[in-house]
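In what follows, a single structure is set out as structure tokens and then discussed.
Everything numeric here is computed off the predicted structure, so don't read it as measured data. Naming convention: chains lettered A, B, ... in sequence-line order (proteins, then strands); numbering from 1 in each chain.
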Protein chains: 2
Amino acid sequence: MGLTKNEIFTDVQNEMALFSKVLGHPARVAILQHLFKINRCVCGDLVNEIGLAQPTISQHLKELKQVGLIKGSIEGTSVCYCIDSEKWSEMKLIVSEFLNQDLSKGKECC
Amino acid sequence: MGLTKNEIFTDVQNEMALFSKVLGHPARVAILQHLFKINRCVCGDLVNEIGLAQPTISQHLKELKQVGLIKGSIEGTSVCYCIDSEKWSEMKLIVSEFLNQDLSKGKECC
DNA sequence: ATCTTTAATCGTAATATTGCAATAAATAGA
DNA sequence: TCTATTTATTGCAATATTACGATTAAAGAT
């Protein structure tokens, strides 16, 4: 065990979980916020900004890139990262739909 | 290591990550969806509905309860669970604010 | 009182995550 | 070419997560 049984869930459930998971670490939240503020930045900026070691930041960037929320392009010796707004919108749609579920009105339960 | 350095992040970042983390597993997503559809249900229902073992479901319920998204009340020999709509709204606010960040218009970056 | 039903807890195995030091790779500049 | 500079990768240790069988606990039914 120790691994999630994705087979038994719907695609939407798995996708919702996947996006949520990547947002489930404050460093990745901070990276995304910084990217929104600055629009584009290199790994070193984030190391200074956030205060985790360079390999750690690099790893978080990799995870964000893997789900597609950011993209990076080589720029001399450094790598410029930024939000992939297309993917961001896609996520927004899925997450919003989930968040905006309504209780079947009335019965307040327990 | 192996544990997140929460000290170096803001409260909002940590809270955002905490909520996201709990949504970061399809079983918990499925539980919440089912609760929204049915309004109230007992652990056994979820075991049948989702198809994970009872202790596993119980554990996921515990995590959802810990962050406050659901509440449970004893009802005879079973436990009735439902969404805590107050906490849900709180989460919605935090997550929406994060999702609705805008790119500083213009410069499309990399 | 005993049995049944239901859920929580305990214990454990497998795997994933977080973080960093050390190292590698790749480009720019001297 | 040699040296910085910058980021990615590797390897590792500590901890967390996922899942479930076995057991416990608590309330209802007989």
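- Set against D/dA19, D/dT15, C/dA7, the side chain of B/Leu3 has D/dT15 as its closest nucleotide.
- Atom-to-atom, CD1 of B/Ile50 to C1' of C/dA7 comes out at 15 Å; the value is rounded to the nearest Å.
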Exercise for the section: Determine, step by step, whether A/Glu75 and A/Arg40 satisfy the salt bridge (charged side-chain N to carboxylate O under 4.0 Å, His left out) criterion, reporting the C-alpha distance in whole Å, the side-chain angles of both residues, the deciding distance to 0.1 Å, and the verdict. Expected result: CA-CA 12 Å; A/Glu75 198 156 286; A/Arg40 47 161 34 243; 3.3 Å; yes
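- Whole-Å rounding puts the A/Asp45 CG to D/dT7 C1' distance at 12 Å.
- For the atom pair CG of B/Asp102 and CZ of A/Phe36, the computed distance is 7.5 Å after rounding to the nearest 0.5 Å.
- Between B/Lys5 and C/dC20 there is a side-chain N or O to OP1 or OP2 distance below 4.0 Å.
- Between the axis at the start and the axis at the end of the helix from C/dA1-D/dT30 to C/dA30-D/dT1 there is an angle of 10°, using five pairs per end and rounding to 10 degrees.
- Computed from coordinates, the A/Leu18 CG to D/dT17 P distance equals 17 Å when rounded to whole Å.
- Comparing C/dT6, D/dT18, C/dA8 by their nearest atom to the side chain of B/Ser78 picks out C/dT6.
- Within the nucleic acid shown, A/Ile74 has no heavy atom closer than 4.0 Å to any nucleic acid atom.
- Distances from the side chain of A/His25 to the nucleotides C/dA7, C/dG19, C/dT5 place C/dG19 closest.
- Between B/His25 and B/His60, the ring planes are tilted. Angles from 30° to 60° get that label.
- Within the structure, every side-chain polar atom (N or O) of B/Lys21 is placed at least 4.0 Å from both OP1 and OP2 of C/dT17.
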Problem - salt bridge (charged side-chain N to carboxylate O under 4.0 Å, His left out) assessment of A/Lys92 paired with A/Glu97 - result: CA-CA 8 Å; A/Lys92 229 161 113 168; A/Glu97 188 151 356; over 6 Å; no
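- For the pair A/Ile31 CD1 and D/dT7 P, the interatomic distance rounds to 12 Å; values are reported in whole Å.
- Using a 30° and 60° split on the angle between ring planes, A/Trp88 and B/Phe98 fall in the tilted class, from 30° to 60°.
- Using a distance-only test at 3.5 Å, with no hydrogens or angles considered, no donor-acceptor pair links the side chain of B/Asp45 to the main chain of B/Cys41.
- Taking every heavy atom of residues 53-70 of chain A and every atom of DNA chain C, pairs under 4.0 Å involve A/Ala53, A/Pro55, A/Thr56, A/Gln59, A/His60, A/Glu63, by number.
- B/Asn6 places its CG atom 11 Å from the P atom of D/dA16, with the value rounded to the nearest Å.
- Spacing between atom CG of A/Leu52 and atom P of C/dA21 amounts to 11 Å, rounded to whole angstrom units.
- Side-chain atoms of B/Gln54 and B/Ile57, non-hydrogen and from C-beta on, never get closer than 4.5 Å to each other.
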Exercise for the section: Could you walk me through whether A/Gln33 and B/Gln101 pass the side-chain hydrogen bond (donor to acceptor under 3.5 Å, both in side chains) test, one step at a time? Expected result: CA-CA 8 Å; A/Gln33 283 181 333; B/Gln101 282 174 101; 5.0 Å; no
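- Nearest to the side-chain atoms of A/Cys43 among the listed nucleotides D/dT17, D/dT7, C/dA16 stands D/dT7.
- OP1 or OP2 of C/dA8 has at least one side-chain nitrogen or oxygen of B/Tyr81 nearer than 4.0 Å.
- A heavy-atom distance below 4.5 Å is not found between the side chains of A/Val22 and A/Gln66.
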